[in-house]
Amino acid sequence: MSPAAGDEDRRRRARYLAEVFGDVLPETTADERGPVPAEDRDDWYRWNRPPHHDS
C-alpha cells in the first residue's frame, strides 16, 4: 500500500466516523464563547425534563 493510499483510508475513516458520531469536540472552547445567559440554561433543563417531573 502506498502512503497516498494510507492517507486516503484515514480520510475515509474520519469521514465515516464523523457521519456516525458527529462532531465530538466543539470548534471553540467555553471561554472563547463567553457566558451563557441563565435563562438559556434553565430553558434547556425545562425542555429536557422527564414527563414524570411535571410542574
Side-chain angles (χ1 to χ4, degrees):
M1 179 184 291
S2 69
D7 289 342
E8 179 59 32
D9 287 340
R10 276 193 290 279
R11 283 193 292 271
R12 188 177 302 126
R13 180 171 162 75
R15 276 194 308 269
Y16 173 74
L17 290 174
E19 284 178 24
V20 172
F21 296 107
D23 291 332
V24 176
L25 298 175
E27 293 292 319
T28 58
T29 60
D31 60 329
E32 293 173 316
R33 290 187 295 268
V36 176
E39 63 272 2
D40 288 348
R41 288 185 298 221
D42 292 343
D43 287 343
W44 184 91
Y45 284 111
R46 279 192 289 277
W47 181 258
N48 290 287
R49 182 182 59 232
H52 63 278
H53 283 261
D54 241 356
S55 59

Those residues that, when tested against P51, pass side chain to side chain contact (heavy atoms under 4.5 Å, CB included) (two or more places apart): none
With E19 via side chain to side chain contact (heavy atoms under 4.5 Å, CB included) - residues at least two apart: none
Side chain to side chain donor-acceptor pair (under 3.5 Å) involving R33 - partner list, sequence neighbours excluded: T28
Which residues share a side chain to side chain donor-acceptor pair (under 3.5 Å) with D31, sequence neighbours left out: T29
Those residues that, when tested against R13, pass salt bridge (charged side-chain N to carboxylate O under 4.0 Å, His left out) (two or more places apart): none
Results of salt bridge (charged side-chain N to carboxylate O under 4.0 Å, His left out) for R11 - residues two or more places apart only: E8
Same apolar cluster (I L V M F W Y, side chains within < 4.5 Å links), V20/L17: yes
Between CZ on residue R10 and CG on residue D7, distance to nearest 0.5 Å: 4.5 Å
